[in-house]
A.B. asks: 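My structure is below; once you've seen it, I'll send some questions.
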2 protein chains.
Amino acid sequence: MASLEQLDGPRPATLSDVASSAGVSIPTASKALNGRPDVAERTRRRVLEAAERLSFAPNEVARNLAAGKTGTVGLLTSDLEGRFVLPILMGAEDALGAGQINVFLCDARGDAIREQHHLRALLSRRVDGIIVVGRQTDPRESLGQKLPVPVVYAYAPSDSLRDYSLTPDNEGAGRLAAEHLIATGRTRIAHISGDSTYQAAQDRVRGACAALLDAGLQPVGETLFSSWTEHWGRDATSLLLSRHPEVDAIICGSDQIARGAIDTLRDLGRRVPEDIAVIGFDNWEVLATNSRPELTSIDANLQNLGREAARAIFSALDTGGLDAGLHRLPTRLVIRGSTISRR
Amino acid sequence: MASLEQLDGPRPATLSDVASSAGVSIPTASKALNGRPDVAERTRRRVLEAAERLSFAPNEVARNLAAGKTGTVGLLTSDLEGRFVLPILMGAEDALGAGQINVFLCDARGDAIREQHHLRALLSRRVDGIIVVGRQTDPRESLGQKLPVPVVYAYAPSDSLRDYSLTPDNEGAGRLAAEHLIATGRTRIAHISGDSTYQAAQDRVRGACAALLDAGLQPVGETLFSSWTEHWGRDATSLLLSRHPEVDAIICGSDQIARGAIDTLRDLGRRVPEDIAVIGFDNWEVLATNSRPELTSIDANLQNLGREAARAIFSALDTGGLDAGLHRLPTRLVIRGSTISRR
DNA sequence: CTGTTAGCGCATTCAC
DNA sequence: GTGAATGCGCTAACAG
C-alpha cells in the first residue's frame, strides 16, 4: 500500500501523467486502470505500474462530470441536536459508505429557508439522492415530487403519500410495551406520556391501550401528558399514586420520564419492579443502564432505520423507482430490571 | 423565488441553454451571471432573465473541475457515537455552511483502515480541507504533514506538533471547578474522577489540585478513579463519605458521575448543596438540568470548538497557512443548584 | 488491441 | 463589450 505521504506532491498525478509515463495514450491508460477487457495484459501491467509509481488517484470531480453521476447523497437534517437524528445519520452514513458513496451533511437548524438553501446547494452539487431526516415522527412538508433525484424521508415522514417515508412503528411500540407488562402478570397499568402534541405520544398510547383491551384490561386512570422530562416523570408519578395507589405498572412515554418515575417511586417507598414495574421508550443507553434498577425500554432501531433509508436510495439509483408511501419499521423490546426482578 | 419544482425537467438547464436563449455566447453568459464588470448592462439583464426563465443553476461539479477547488471539506470522525463529537460537528457544519462550503461526513468507526479509505476518498473528491474529530482528548496519530490540503484536528489533538490541533483546556476546566467551590466557601474538597487512562481525567485533576494549592488547601483524600458512569459516582461517593465524612464538596469527573454522587448523597441524608456541593464536567443538559438539584457543571464549549476548526480551515484556505501546534480552548462554568442554594 | 476524436459544463485567456 | 479558442481530468464512441 502506498503511503499517504505519496499522495502528495506539487500537483497530484493525472491520468495524462500515467499515460505518458507508461508510454500509452490517455484512453488506453483509462481502460487499463478501470479493468476494461479490451487491453493487452502487458499494456495493463505497464499502466498499473506507472500509476503505482506516481501514486495516481483518479480525480473524482472530473470523473463525476464525465459520468453525470457523483456517488454522493445529501443528508438533510432539520436539527442535528435532536437526539434521534444521530443514530439515523450513523446508520445511513455506514450503509452508504460501504457502498462507496459519500455523504453531504446539511443541518437546516429547523429553518425552512435554510433548508431550501441547502437543498439547492445539494442539487447544484449533483447529489444522486437525498435523505431527509426529521426530528419528530410528525409528518413534515414534502419537498415536492418533481425533484430530479430520489428522496427518502426518515423518522419524520413526508406529508405526501406520493413520497417515500420511513418512520418507527410507534403504535406497535406502545403495544409491545403493554404486552410485555401483561405477560409479566401486571394488570393495573397506567400511562405517563410526554408532550401530547407529538404524534409519537399519541401513537404509543393508542397502541398500548389497544393491547390492554385485547387482554381484557382497562388502563388505570387517564393518560397523563405534559413534557418529555425527568421532572414531569416525578410529578406525574406522585399524582398517579395519590389518585390510583393500586397501580402495579407504569408505561412511560420516554426513558427520561421513566427515570423520574423510578426516582419518585423509590422516594415513596414503592419497590421497582416488585411493587410497580416501569417501562420506557427510546432505549437511551446512558439513561437506561444507569438507573436503579436498569430500565426496560422500547428501542426504535433508529440506526437500522438509517440503513434502510440508504438501502432505499440504492435501489432507487438502480431501478430508478421507489414504491411511495409511509413505511413503519418495527421496534424492539429491551428487557432490563425495571420490569422483571433479578433472581 | 423560483419554486423548486422548476429546478426539475428532463435535463437541468446548462449555461449553454441560457446563452442561446439570451442570444449571446457562453462566455458572455458566464461573465454576466458571475457579475463580472466587462459586460454591458443591457446584455447582463437579458442573460439574467434567461437564467431565471430556465431556472438555471450552475453545475457545481463542472465549476469545481474548472476551478480546481470544490468548496467542500471532509469531516473525518473516529466515532460518531461519542457524545462529544456531535456538538463539534454541529459547530463546524454551521460555520462552514455559512461560508457556502459543504461538508462530507465520514465516520471511521474507530477503525484505522476505514479511516485511510475515507481519507483517500476525500482527497480523490478534492476536498479543500479536512477536519479530524476524535472522541477523546488523548492525542491521536497524525495523518502526516504532506497532505495536499490543510488539516485541523479537533478535540483529539494530533500527536505531532507540526499539525494544527484544537482541544479543550481541561486543566483550566479543573481549575475553574475548584475555584468556584473555593469561592463559595468550600474548604474540604474531594475529587471523584473517571477512567484514569483518559488524559482528560488527569488534566482536570491536575488543574483542580493546582487551584486548591494556590488557595492554601489540600484535596480531601486521594482522587478516586474508575469509570465515567453513574454507578461509579454512587459507589465512589459511599466510599468517600465513609473515609472522609468531613468533606463539604465533591468535584466529579463527569456529569454522569455527579448524578450518581447526588443520588447517593440524598440516600445518605446529606443535603446538596447545603452540606455538600457537587460539580460535574461536560454540562450535558439532559443530565444536568434534570437532576435534583440541578447540576453545576463545566462546559467545554464544543460547538465553539467546531466553529473554530472551521475558521482555521477558512484562514488556511485564504492564507495557505496554519500556525501549527496544540491550541487549548477555554471552558466555561455553568452554575446551577448543586453548588449554590437558591434563596 | 490501440489511439484519435469528441464531449461532460463551466471559466479563463485572448483576440476582435 | 463580445465571442472564438483552450483547458480542467476523465470516459465513451468510434476508427485504425
Side-chain angles (χ1 to χ4, degrees), chain A residues 7 9-48 50-51 54-72 121 123-128 148, chain B residues 7 9-48 50-51 54-72 121 123-128 148:
Chain A
L7 287 177
R11 181 179 57 84
T14 73
L15 187 57
S16 163
D17 299 331
V18 175
S20 66
S21 168
V24 299
S25 71
I26 294 181
T28 300
S30 172
K31 291 170 197 163
L33 288 169
N34 290 332
R36 303 282 292 273
D38 51 349
V39 167
E41 262 321 303
R42 234 181 66 81
T43 311
R44 184 189 308 279
R45 296 182 57 86
R46 282 222 315 286
V47 172
L48 290 178
L54 300 174
S55 299
F56 169 75
N59 180 330
E60 288 296 332
V61 179
R63 182 183 279 210
N64 293 339
L65 177 59
K69 305 181 309 174
T70 55
T72 62
L123 294 176
S124 289
R125 290 197 185 281
R126 294 296 187 267
V127 294
D128 295 333
Chain B
L7 286 177
R11 179 179 57 85
T14 74
L15 186 57
S16 163
D17 299 331
V18 175
S20 66
S21 169
V24 299
S25 70
I26 293 182
T28 300
S30 172
K31 292 169 196 162
L33 288 170
N34 290 332
R36 303 284 292 274
D38 51 348
V39 167
E41 261 322 302
R42 235 182 65 80
T43 311
R44 185 189 306 281
R45 295 182 58 84
R46 283 222 316 285
V47 171
L48 289 179
L54 299 175
S55 300
F56 170 73
N59 180 330
E60 288 297 330
V61 180
R63 180 184 283 212
N64 294 338
L65 178 58
K69 305 181 309 176
T70 56
T72 61
L123 294 176
S124 289
R125 291 197 184 282
R126 294 296 187 267
V127 294
D128 295 332

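Labels below follow one simple rule: chain letters A, B, ... track the order of the sequence lines, proteins then strands, and each chain is numbered from 1. Atom set for the values below is all heavy atoms of this structure, side chains included, hydrogens, waters and symmetry mates excluded.
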A.B. asks: I want to check something: taking the side chain as every heavy atom from C-beta on, are B:Leu33 and B:Pro58 in contact at a cut-off of under 4.5 Å?
C.D. replies: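 Of all side-chain heavy-atom pairs linking B:Pro58 with B:Leu33, none is under 4.5 Å.
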
A.B. asks: Apply the side chain to side chain contact (heavy atoms under 4.5 Å, CB included) test between B:Ile26 and each candidate in B:Leu15, B:Val18, B:Asp17; give the one that qualifies.
C.D. replies: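 The single option meeting the side chain to side chain contact (heavy atoms under 4.5 Å, CB included) with B:Ile26 is B:Leu15.
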
A.B. asks: Is there a side-chain contact between B:Arg36 and the phosphate of C:dT12, meaning an N or O under 4.0 Å from OP1 or OP2?
C.D. replies: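 For C:dT12, OP1/OP2 do have a side-chain N/O of B:Arg36 under 4.0 Å.
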
A.B. asks: Evaluate side chain to side chain contact (heavy atoms under 4.5 Å, CB included) for B:Asn34 paired with B:Arg63, printing each intermediate quantity in order.
C.D. replies: CA-CA 12 Å; B:Asn34 290 332; B:Arg63 180 184 283 212; 3.8 Å; yes

A.B. asks: Considering only side-chain heavy atoms of B:Val39, which listed nucleotide, C:dA11, D:dC10, D:dT2, is closest?
C.D. replies: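 The answer is D:dT2.
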
A.B. asks: Check the distance between D:dA12's P and A:Leu33's CG and give it to me in whole angstrom.
C.D. replies: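 One finds 13 Å between P of D:dA12 and CG of A:Leu33, rounded.
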
A.B. asks: In the structure I gave you, are the side-chain heavy atoms of B:Val47 and B:Lys31 within less than 4.5 Å of one another anywhere?
C.D. replies: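 Contact flag for B:Val47/B:Lys31 side chains = no.
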
A.B. asks: Answer with base, sugar-phosphate or nothing: what part of the nucleic acid does B:Leu15 contact at a heavy-atom distance below 4.0 Å?
C.D. replies: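 Answer is sugar-phosphate: B:Leu15 comes under 4.0 Å of backbone atoms only.
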
A.B. asks: May I have the distance from B:Arg46 (atom CZ) to D:dT2 (atom P), rounded to whole angstrom?
C.D. replies: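 Spelled out: CZ on B:Arg46 to P on D:dT2 is 8 Å.
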
A.B. asks: How is B:Ala66 classified with respect to the nucleic acid when contacts are heavy atoms under 4.0 Å: base, sugar-phosphate, or nothing?
C.D. replies: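 Touches a base.
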
A.B. asks: Taking OP1 and OP2 of C:dT2, is either one under 4.0 Å from a side-chain nitrogen or oxygen of A:Ser25?
C.D. replies: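 Negative; the distance criterion is not met.
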
A.B. asks: Rounded off to whole Å, could you give me the CZ-to-C1' distance for the B:Arg126 and D:dG9 pair?
C.D. replies: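 After rounding, the gap between these two atoms is 9 Å.
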
A.B. asks: Go nucleotide by nucleotide along DNA chain C from the 5' end; which of B:Ala62 and B:Asp38 gets its closest nucleotide reached first?
C.D. replies: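 It is B:Ala62, whose closest nucleotide lies nearer the 5' terminus.
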
A.B. asks: Measure from the side-chain heavy atoms of A:Lys31 and tell me the nearest of C:dT2, C:dC14, D:dC8.
C.D. replies: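 So the side chain of A:Lys31 is nearest to C:dT2.
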
A.B. asks: Could you state the atom-to-atom distance from CG of A:Leu65 to C1' of C:dA6 in whole Å?
C.D. replies: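 My rounded result for the distance is 14 Å.
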
A.B. asks: Please classify the nucleic acid contact of B:Val24 as base, sugar-phosphate, or nothing, using heavy-atom distances under 4.0 Å.
C.D. replies: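 The answer is sugar-phosphate, as B:Val24 gets under 4.0 Å only of primed atoms, P, OP1 or OP2.
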
A.B. asks: Which part of the nucleic acid does A:Ile26 contact within heavy-atom distance under 4.0 Å: base, sugar-phosphate only, or nothing?
C.D. replies: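 Answer is base: heavy atoms of A:Ile26 come under 4.0 Å of a base.
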
A.B. asks: Whether B:Thr28 contacts D:dG3 is assessed here as follows: a side-chain N or O lying under 4.0 Å from the phosphate OP1 or OP2. Is that the case?
C.D. replies: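 Answer is yes, contact under 4.0 Å.
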
A.B. asks: Is there a side-chain polar atom (N or O) of B:Arg63 under 4.0 Å from OP1 or OP2 of C:dG9?
C.D. replies: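 Result: no.
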
A.B. asks: Quick one: does A:Arg126's side chain have a donor or acceptor within less than 3.5 Å of a partner on A:Leu65's backbone?
C.D. replies: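 No, A:Arg126 side chain to A:Leu65 backbone: no donor-acceptor pair under 3.5 Å.
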
A.B. asks: Over how many whole Å does the gap from A:Asn34 atom CG to D:dG9 atom P extend?
C.D. replies: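 Between P of D:dG9 and CG of A:Asn34: 17 Å.
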
A.B. asks: So do B:Pro148 and B:Leu123 actually touch side chain to side chain, heavy atoms under 4.5 Å?
C.D. replies: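 A side-chain contact exists here, since the closest heavy-atom pair is under 4.5 Å.
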
A.B. asks: Rounding to an integer number of Å, can you tell me how far B:Lys69 NZ sits from D:dG9 P?
C.D. replies: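 Computing the B:Lys69:NZ to D:dG9:P distance gives 15 Å.
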
A.B. asks: Pick base, sugar-phosphate or nothing for A:Arg42, based on heavy-atom distances below 4.0 Å to the nucleic acid.
C.D. replies: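 Answer is nothing: A:Arg42 stays at 4.0 Å or more from every strand.
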
A.B. asks: Output the rounded distance in Å from CD (A:Glu60) to P (D:dC8).
C.D. replies: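 Nearest whole value for this atom pair: 19 Å.
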
A.B. asks: From the list D:dA12, D:dC10, C:dC1, which nucleotide is the closest neighbour of the side chain of A:Pro27?
C.D. replies: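 Selected nucleotide (nearest to the side chain): D:dA12.
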
A.B. asks: Can you find a side chain N or O atom of B:Thr43 that sits less than 4.0 Å from OP1 or OP2 on D:dG1?
C.D. replies: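 No.
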
